[in-house]
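Notes for the one structure printed next.
All figures in this text were calculated on a predicted structure; none of them were measured in a lab. One-based numbering, in listed order, for ligands and for the atoms of each.
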Amino acid sequence: MRAQALAFCLLILALSGVMQVSTPRAAEVTYALRVENGHVPENMRLIRVKQNDVVKLEWSSDRPMTIHLHGYDIEKQITPGATTEMTFTARATGRFMVEPHLAKLPSGGHEHGDVLVTIEVYP
Ligand SMILES: [Cu+2]
């Protein structure tokens with residue numbers, strides 16, 4: 001009888017979703033982002049994801065450029081005719097911008113162009 005009671009409890013836990021707490025579900029989300037004339041299409045400029053999602057950005061461009069995802073600090077080169085993947089797990093919540101790097105500054109920093117994409121990571 002005890003085994004049956006235990007099994008019943010486990011069933012209730014599973015049904016109530018309590019057991020999922022220890023195994024949070026992370027989605028894998030992919031966005032194809034095409035840069036033309038220094039911009040992605042307007043409807044692609046804001047990306048909303050959930051914390052811990054695996055976010056895969058597939059970049060292509062009509063001209064060579066270096067892009068930088070701030071906060072997560074990922075830098076990638078994009079070459080025309082090729083797709084460049086930028087993949088990260090969205091552990092940190094908040095707003096993060098992807099901007100092109102235009103030129104290196106004498107200070108060692110770099111100059112940025114207009115924001116290509118803003119990524120919002122929600123808890
Ligand atoms: Cu930068």
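Restricting His110 to its N, O or S atoms, the one at the least distance from the Cu ion (ligand 1) is NE2. Here the N, O or S atom of His112 that is nearest to the Cu ion (ligand 1) is NE2.
Proximity of a side-chain donor or acceptor of Tyr72 to a complementary backbone N or O of Ala92 within less than 3.5 Å is detected. Checking side-chain atoms of Asp53 against main-chain N and O of Ala27 turns up a donor-acceptor pair under 3.5 Å.
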Please determine whether side chain to side chain donor-acceptor pair (under 3.5 Å) holds for the pair Gln77 and Thr66, giving the CA-CA distance in whole Å, both sets of side-chain angles, and the decisive distance to 0.1 Å.
CA-CA 4 Å; Gln77 311 260 75; Thr66 302; 2.5 Å; yes
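Under the 4.5 angstrom side-chain criterion for Ile, Leu, Val, Met, Phe, Trp and Tyr, Leu102 has no cluster partners at all.
Vertex the Cu ion (ligand 1); arms to His101 atom NE2 and His68 atom ND1; angle 90° (nearest 10°).
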